[in-house]
Structure formats: C-alpha cells, structure tokens
Amino acid sequence: MKKIALLLFILAAAAVRGLAQQEHQYTQFMYNKLPINPAYAGARGVPSVTAIYRNQWMGFDGAPKSVLATFNAPFLTPRVGVGVTLSHLQIGLNTDFAASLAYSYDLIDADKMSLRAGLMGTIRSLGIDFSKAMPNEPTAVDNSLAPDHVNNLYANVGAGLYYTYDDRFYAGFSVPRIYSNTIGRNEGLNPDSSETAREVNHFYAMAGAVISLGDGLNLMPAVLTKYVKNAPFDVDVNVNLEINEKVVAGLSYRVGGNGSGESLDLLLFWQAHEQFGVGVAYDFTLSDIKDYTAGSIELLFQADLKRSGKNKKMSNPRFFM
C-alpha cells in the first residue's frame, strides 16, 4: 500500500468540486482570473494585487478553507505582462500549497483590441498529516496510517489566451496544468495490479461584458465554464450591476453536477478608495449537502498599485476586464 496516503489526498481534494475535480474554486472569478489563465498577466495595464479568503461548506469538520494572493503587472512594455500567484488549501488532514509564475504577450498592437497569449509554471506541495487523524483501528493494523506526515512536490506548466475589446468585452481559454503528474499509487493486495492517482487537466473558458444602462449604471454579465474528464460539465453564470462607479452587486448560479445545481451566490463589491476595493460573496448550497452546511463565504481585496490616465478608478469598467 505504498503511497496510499497521497491517493487518499487526491480523493479528498476532489471533493472540493466533486467527481475528479482537483483545483480550487472561487465565486468571485471575474476579479480573479490570473490563477486559471496566465494570459491575464498585465491585462489591467497597471500593477495589481488580489487576495481572497474562502471558507467552504461551513459547519463541516475539516471543510475546505483556502487563501490566495496574486500580483500582476506590465513588464517593461504594455505588451508584456508578468504575474505571481500563491495559494493554500486546507481540507481535512490534507494541505495543498502552490506557487505560480505567469508570463503573457499581447499579439495585437491596437488601441481597442488585445489578444494575449500566456504561459505559467507551477510548483505544488501536496501533503497529508496523519498525526491529526482519529482512525477506527490503531496504526499497527492499518499500515497506510503509519507515517505521521507525507509531503511531495510536483511541477507543472499551463497556457492560455485572453482577448479584450474596447474595455467592454473579454473572453479567455486556458489549461492551468497541462501535464498529468502521477501523485500516488495504491499497489493493493494483488502485486500484478495497481491504481494510480494523477492530476487531471482542467479546461477553462470565460467571457464577460460591460453593458451601459445610462445614469451611472453598468450591467456586467460573466460566465466561467470548466471541463474535466469524468466529471460533470461545470458552469458559473453571473450578473453584476455597477452603480455610480462605487458599488457592484450581483447574483451567480453554479450549475454543478445535479439537477438543482451546486449553489446560488450573492456578491457585493465596494470601491473604498480610488485604487482599492473589497468584496464579499456568500454561497447558498443547493446540492444534497444543503441541510448540513451553513453555506460558503468568500472575502476579497483588490488594489491597483499605480494610477494611470486610462484607469484612474478601479471601478471603471476596465477593472472587470
């Protein structure tokens, strides 16, 4: 049963989004594109920082808790962008720490149109701490619990495209991790057979628009889709309303894998200053676990570290791009 601990880790991590899905989820995805699409690096035109804390499925012991921070900026020229992402996920006995470096280049040198291609490299540390476990049998009986802590490092690469037009429309496609790392192996009782746990490719597509309604109002619909082999096709659909370049309020619906969907989400963003704002999202669970959880909450902070003539206020529709 070598490395069965890491196999168990992958199975537990998959529960974050259900069947075979391993990557973190964030309801406020429209403000948080860099972790899933490296082509977004530098797209805002100014150095920007985003930080998110998410407490998922509150009320469950060992439920997922994640923290993420990103920085991205143009580098030497507006056509080149760089970005850094740091993330940490805790679910039960399992931890997932990742650090990514992204690079993007704008393939179109035009005032109103941009098509950026991006690459990213990621280092992940996946671990499980059995010292905090409460097994039904002593470790002398269950050899898989013998080590106190198992931790391994994995490297990967990703790629993406990100298109914007006139600061009013965006679309993107990306694969954050292309290589399917072997994470754990369960050799079982039969020496001639084994089961292998691997990282699964996640294919993302996103799109959003800013539609002026007049009198200081902008309607900002957005959609994020994700395909993972052997998992239900997943879609987040969002509609936000921006009011007087100060407050953004909206609703999201996460389709998930069952008939009623996974969650219905409330979002609120407040521009507290010309260069930074704060957001909160609350997910009402719709799946079969709705009677056992108080839902999920997500807190966001976003700041532009430099003002420019084109983007003096972060709540300008460009911040959505």
Side-chain angles (χ1 to χ4, degrees), residues 25-34 36-37 40 42-52 54 70 72 110-116 162-172 204-225 235-255 261-284 286 295-321:
Q25 73 168 358
Y26 293 98
T27 298
Q28 299 171 95
F29 65 86
M30 64 291 299
Y31 312 128
N32 184 44
K33 304 184 185 80
L34 183 64
I36 60 175
N37 192 337
Y40 183 72
R44 286 175 55 78
V46 294
S48 299
V49 172
T50 300
I52 296 181
R54 180 174 176 82
T70 71
N72 78 97
D111 290 336
K112 291 188 176 183
M113 188 182 304
S114 172
L115 176 61
R116 307 183 79 94
Y162 188 73
Y163 171 82
T164 60
Y165 179 76
D166 197 25
D167 295 344
R168 291 279 164 173
F169 174 79
Y170 74 83
Y204 290 91
M206 62 177 71
V210 178
I211 303 169
S212 177
L213 301 179
D215 296 327
L217 297 177
N218 283 307
L219 187 68
M220 301 191 296
V223 61
L224 174 68
T225 66
V235 183
D236 284 32
V237 180
N238 168 262
V239 177
N240 274 329
L241 181 67
E242 183 194 57
I243 305 170
N244 294 327
E245 297 189 350
K246 196 70 176 178
V247 176
V248 183
L251 289 171
S252 285
Y253 174 69
R254 183 170 295 122
V255 174
E262 185 177 334
S263 67
L264 181 65
D265 318 318
L266 297 178
L267 296 88
L268 183 65
F269 184 91
W270 172 49
Q271 182 185 320
H273 184 270
E274 286 184 349
Q275 290 177 250
F276 68 84
V278 292
V280 62
Y282 185 85
D283 302 356
F284 294 91
L286 301 177
S296 306
I297 192 167
E298 192 174 287
L299 306 176
L300 173 141
F301 172 83
Q302 190 175 59
D304 288 339
L305 304 183
K306 178 182 177 181
R307 290 167 51 179
S308 68
K310 188 175 184 180
N311 188 24
K312 290 183 178 179
K313 290 188 177 182
M314 195 176 71
S315 71
N316 179 286
R318 180 172 177 78
F319 93 101
F320 186 65
M321 296 294 114

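We number each residue from 1, following the sequence as shown.
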Separation between CD1 (I211) and CD (E242), nearest 0.5 Å, reads 13.0 Å
For N72 and G42, work out which heavy atoms get closest and say how close.
OD1-N, 3.0 Å
For residues N240 and N238, is any side-chain donor paired with an opposing acceptor at under 3.5 Å?
yes
Mind checking what makes side-chain contact (heavy atoms from CB on, under 4.5 Å) contact with L266, not counting sequence neighbours?
L251, F284
Checking S114 side chain against T164 main chain: does a donor-acceptor pair fall under 3.5 Å?
no
Can you give me the closest heavy-atom contact between I36 and M206, atom names plus distance?
CD1-CE, 3.6 Å
Can you find a pair of side-chain heavy atoms, one from Q25 and one from E262, that are under 4.5 Å apart?
yes
For L305 versus Q275, what's the shortest heavy-atom pair and its separation?
C-NE2, 3.8 Å
Less than 4.5 Å apart, any side-chain heavy atom of L268 and any of V248?
no
Candidates V280, V278, L300 - the one meeting side chain to side chain contact (heavy atoms under 4.5 Å, CB included) with F269:
L300
Could you state the interatomic distance from OH (Y253) to CG (L286), rounded to the nearest 0.5 Å?
6.5 Å
With sequence neighbours excluded, residues passing side-chain contact (heavy atoms from CB on, under 4.5 Å) with T70:
N32, L34, P35, T50, L68, T85
Closest heavy-atom pair and its distance - Q28, G279:
OE1-C, 3.6 Å
How many angstroms lie between atom CZ of F276 and atom CD of Q271, to the nearest 0.5 angstrom?
9.0 Å
Tell me, do D283 and E298 make a side-chain contact under 4.5 Å, heavy atoms counted?
no
Are the side chains of K246 and W270 in contact, using a 4.5 Å heavy-atom criterion?
yes
Report yes if some heavy atom in the side chain of L267 is under 4.5 Å from a heavy atom in the side chain of M30; otherwise report no.
yes
Scan side-chain atoms only and decide if S212 and R168 contain a donor-acceptor pair under the 3.5 Å cut-off.
no
Would a 4.5 Å heavy-atom cut-off, applied to side chains only, mark N37 and Y204 as touching?
no
Test item: V239 and L219 side chains (from C-beta on) under 4.5 Å apart, heavy atoms:
yes
Do the non-hydrogen side-chain atoms of K33 and Y162 ever get within less than 4.5 Å of each other?
yes
At what distance, to the nearest 0.5 angstrom, does CD1 of I243 lie from CG of L217?
6.5 Å
Rounded distance (nearest 0.5 Å) linking atom OG1 of T27 with atom CD1 of I297
10.5 Å
Residues forming a side-chain hydrogen bond (donor to acceptor under 3.5 Å, both in side chains) with S48, sequence neighbours excluded:
R44, D304
